[in-house]
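Excluded from the calculations below are hydrogen atoms, water molecules and symmetry mates; all remaining heavy atoms, backbone and side chain alike, are included.
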Amino acid sequence: MTESTDIFEENKNWNRKLEKDTAEKLISLKWDFSPYTEKEIFSIDTPPPYTSGRPWHLGAAAQYSKIDTIARSQRMLGKEVLFPVGMDRNGIPVERYAEKKYGIRMRDTPREKFLEICKTSLDELEKEMFDILNSFAYSADFDNVYRTDSKEYRTLTQSTFIEMWKKGQIIRGTRPSNYCIDCGTTIADAEIEYKTIDTNLVYFYFKIKDSDQKILVASTRPELLGACSAILVNPEDERFKDLFNKTAITPLYNQEVKIIPHSYAKADFGSGAVMICSYGDYNDVMIIKELQLPENIIVDTNGRMKEKAGAKLNNLKVNEARKEIISMLQEGGYVEKIEKIQHRTPLCERSKTPIEIIPLDEYYLKVTDIKDKLEELAYQLKIIPEQHKQILLNWLKVSADWPISRRRYYGTEIPLWYCNNCKEPYLPEEGEYYQPWKDNPPGNPTCKKCGGKEFTGDERTFDTWMDSSVSALYVTKYLYDKNFYEKTYPLSLRTQGIDIIRTWLNYSILRCYQLTGKLPWEKAWIDGMGLDEHGEKMAKSKGNGIDPTIVIEKYGADAFRFWATSEALPGSNFLFSESRLQGSAKFLTKLWNVARLINQFGEPKEIAEKDLNESDKWIINYTEKLTEECIKGYEELNSFIPANRIREFIWNVFAPHYIELVKARAYGEGFSDDEKNSAIYTLNYVLKRVLLLMAPITPFITHTLWSILYKGEAIHYLSIPKAKEYNNQILLLGDKIMEFDSMIWNNKKEKGVSLREPITINIPAELKPFEKDLIMMHNINK
RNA sequence: GGGCCUAUGGUCUAGUGGUUAUGACGUCUGCCUUACACGCAGAAGGCCGGGAGUUCGAACCUCCCUGGGCCCACCA
């Protein structure tokens, strides 16, 4: 007994154990890439997943398995595929993970030590990510993993910054930032918590300029009155119709502010009129930006009122100033009433003090001056599916200069020093990795402006999108291998999710264009989101996230991959469904059993196509048509099509009709050796083709079956043959066969007899060529 | 709250102006027919989200509403 019959004897279904037996062999296959190939190059820029503590969602794993199918299918279409894998390791998530895990605070820990702790955490977490990728046989180049926090990667990020600084594309500006007065530092959005606390809503009057009218405004932050730059009222609000666009005078400060109709003001809240101050909350930030109102900052970074808040408020803390101004307003007779309300307030999650929004000096990457060009590039980029292009275009229209500096630790450092004497920035040369917070500028430079010798390093880091937005340049060795870069840039494809169009897609186009003058890729493949059983987004906060590891362990990696691919078109959202995953697993078992059957008949002899029986010619023509459709799907980066076509073919045509039609012949009952061989040859021909077509989607089962039945080289190193021309006439006849089969099955069903029961029936003249097979199949009396 | 996307039998999905509206999962009925009961065969199940319009004719085009999704913003 051969080894193959053993496996097939023991396993009547495709199962997790068989899959695990194959996994090691499959994962050990190497995927080298050479830019100097004769083949067409297909290069893919995939999202480096964030190496964070949260479990990787099933939606992400599904997306990566679809991306892997793209890479595998392009290889099997005969292309040389560059399929790198990276890990995004910069940024706040790991900082917060480390703080929580070790019970430390970033700003109370020596920076060097903190970075080390982060790095250790990342190394641990990264292993889990690789395990998940391997669990579904992600076929990227794992020998050359890139990490966004590596010296080489950060050198690239810094070099591109230096290059853009020299080109004048970096500018300075102020940016409203979350500031915790207690901690004395900016804090990230992620470090804010919201709490509903009691506060006073103060109703007070503004006078209208050149009139006896007044307008009643309600505010929880009256101390910011001196920073008021406008009053908003709802455009539908009849009470204020005659005040639209008039000028009001702020009490106490006597400054002129416009009354602007704007939908942000809600008629049913407070007095219906809201004052906009720099900055009471995020809405103020948004409105001031939108209406381009002047900024007037009256709170300093110690949380005390500035001098321009007025003599009485100067140097008071914010909450003291609030009390003081309320009594001042009351004394002046401006206050109508004070209402106790519950107010959802942003707090610093550590010190629990309300955050202030204070503008800080930051670096920006210029975007506004090349918006038109970016829009043109967006039109040039082929986006799959097309409808998602609109999301990018919409963002380009509203995009503003991009603030790129962050007051964080674990990130790529901003490579700048400042002269201790005159504050002039010192910019180092490209090509090195700099850590200005701990190192002196290289080569003891002198300040160009004042000749100073002493410098202080910038302590800030970049927004992490500054790193990830040049992944296309890193994987094509922009800085490190000119020849490689020339051969591979622009890349063929960017793959990513719909949720990061505004960030990763947008910023990548921007940065790569600024540096190379070109789009980074020909096409972008934008996938939808994985949702839970009820169609809701999986989120940690909802507790509905599903761990892909558990699903793969239960149903198998191939079942998972087949499900991910066949469930929805690329670009559409897809819902997790256990019963549908089960369905995928059943289909794989179906394929397994088709192979078990075919294996029994042994190896066929070669046979010329013209000598095949008619039934065999029919299914071979069908297979060529299937091949054509699948290849078209793969070429369009749409593996949904091959997955579903193959399933339909196997389950609705090949197994029930063709196999049943030729089974007797393959066993040799009442047929000549040539007729028998024709059937066995054809069964193998079709199975081989199906395995090749499915290999990109389900690498485990196809690898296993191929190595049992056809041995030789691993299936994943082979190519899908081009589809031969097929004869439509015989395909139409095939449809008649299937109709005839159903008719007989129905007939026997109605009589309540077994399908093996003999039947007396006329075979239609057009099906004469298949007569002998049909008689055996249905046990038709001659 | 703003912008954009989307809506097909119980669940999911194909289908872009004229089709008996595709297929899968699930359900029901009958069958262990020498590959498979994770199977085979058969059947039921849809006013193509609701409303209005364009058209000789709409699942398909337009508008409104409703549900869901993505991103942005989140109550002075």
At under 4.0 Å between heavy atoms, what does [X] touch on the DNA or RNA strands: base, sugar-phosphate, or nothing?
X        : answer
A/Ala595 : nothing
A/Glu660 : base
A/Thr220 : sugar-phosphate
A/Lys663 : base
A/Ser754 : nothing
A/Arg502 : sugar-phosphate
A/Asp281 : nothing
A/Ala265 : base

Has [X] got a side-chain N or O lying under 4.0 Å from the OP1 or OP2 atom of [N]?
X        : N     : answer
A/Lys397 : B/G3  : no
A/Ser742 : B/G42 : yes
A/Arg647 : B/G23 : no
A/Lys586 : B/G26 : yes
A/Asn652 : B/A24 : yes
A/Trp651 : B/C40 : yes

[N] and [M]: how far apart are their [atom1] atoms, nearest whole angstrom?
N     : M     : atom1 : answer
B/U19 : B/G10 : P     : 23 Å
B/A7  : B/A44 : C1'   : 25 Å
B/A24 : B/G39 : P     : 12 Å
B/G15 : B/U20 : C1'   : 15 Å
B/C25 : B/C38 : P     : 14 Å
B/G17 : B/C61 : P     : 9 Å
B/G51 : B/A14 : C1'   : 27 Å
B/G2  : B/A21 : P     : 40 Å

Contact nearer the 5' end of RNA chain B, comparing A/Ile598 with A/Trp395: A/Ile598
Earlier contact from the 5' end, RNA chain B, for A/Ile341 and A/Asp741: A/Asp741
Output field: ring centroids A/Tyr555/A/Phe560 closer than 6.0 Å: no
Aromatic ring proximity A/Phe649/A/Phe654, centre distance under 6.0 Å: yes
Where the side chain of [X] is defined as all heavy atoms beyond and including C-beta, which of [options] is the nearest nucleotide?
X        : options             : value
A/Asn573 : B/U6, B/G69, B/C70  : B/G69
A/Met286 : B/C5, B/C70, B/A73  : B/A73
A/Leu575 : B/G42, B/C71, B/C12 : B/C12
A/Asn593 : B/C4, B/C36, B/U33  : B/C36
A/Ser579 : B/C70, B/C25, B/C5  : B/C25

Figure out the [atom1]/[atom2] separation between [X] and [N], and round it to whole Å.
X        : N     : atom1 : atom2 : value
A/Arg645 : B/U22 : CZ    : C1'   : 9 Å
A/Glu578 : B/U11 : CD    : P     : 18 Å
A/Phe574 : B/C70 : CZ    : P     : 12 Å
A/Phe562 : B/G23 : CZ    : P     : 16 Å
A/Leu591 : B/C38 : CG    : C1'   : 13 Å
A/Ile391 : B/C5  : CD1   : P     : 8 Å
A/Glu567 : B/G23 : CD    : P     : 18 Å
A/Asp527 : B/C70 : CG    : C1'   : 13 Å

For atom [atom1] of [X], decide whether the heavy atoms of other residues, nucleotides or ligands shown that lie under 6.0 angstrom number more than 12.
X        : atom1 : answer
A/Lys214 : NZ    : no
A/Lys340 : NZ    : no
A/Glu603 : CD    : no

Residues A/Arg596 and A/Asn599: side-chain donor-acceptor under 3.5 angstrom: no
Secondary-structure stems, RNA chain B, at least 3 Watson-Crick or G-U base pairs under 3.5 Å: B:1-7 with B:66-72, B:10-12 with B:23-25, B:27-31 with B:39-43, B:49-53 with B:61-65
hbond_proxy A/Lys12 side chain to B/C36 base (donor-acceptor, 3.5 Å cutoff): no
Side-chain-base donor-acceptor pair under 3.5 Å for A/Thr589 and B/C38: yes
Name the atoms and distances for all side-chain donor-acceptor pairs under 3.5 Å in residues 735-747 of chain A, with sequence neighbours left out.
residue	atom	partner	partner atom	Å
A/Asp741	OD1	A/His778	NE2	2.7
A/Asp741	OD2	A/His657	ND1	2.7
A/Asn747	OD1	A/Lys751	NZ	3.1

Test side chain to side chain contact (heavy atoms under 4.5 Å, CB included) applied to A/Asp463 and A/Trp402, step by step: CA-CA 10 Å; A/Asp463 178 10; A/Trp402 170 21; 3.0 Å; yes
Student check: side-chain heavy atoms of A/Val594 and A/Leu597 closer than 4.5 Å: no
Parallel, tilted or perpendicular, as decided by the 30° and 60° cut-offs, for the rings of A/Trp14 and A/Trp592: tilted
NZ or CZ of A/Lys66 within 45° of A/Phe574 ring axis and under 6.0 Å: yes
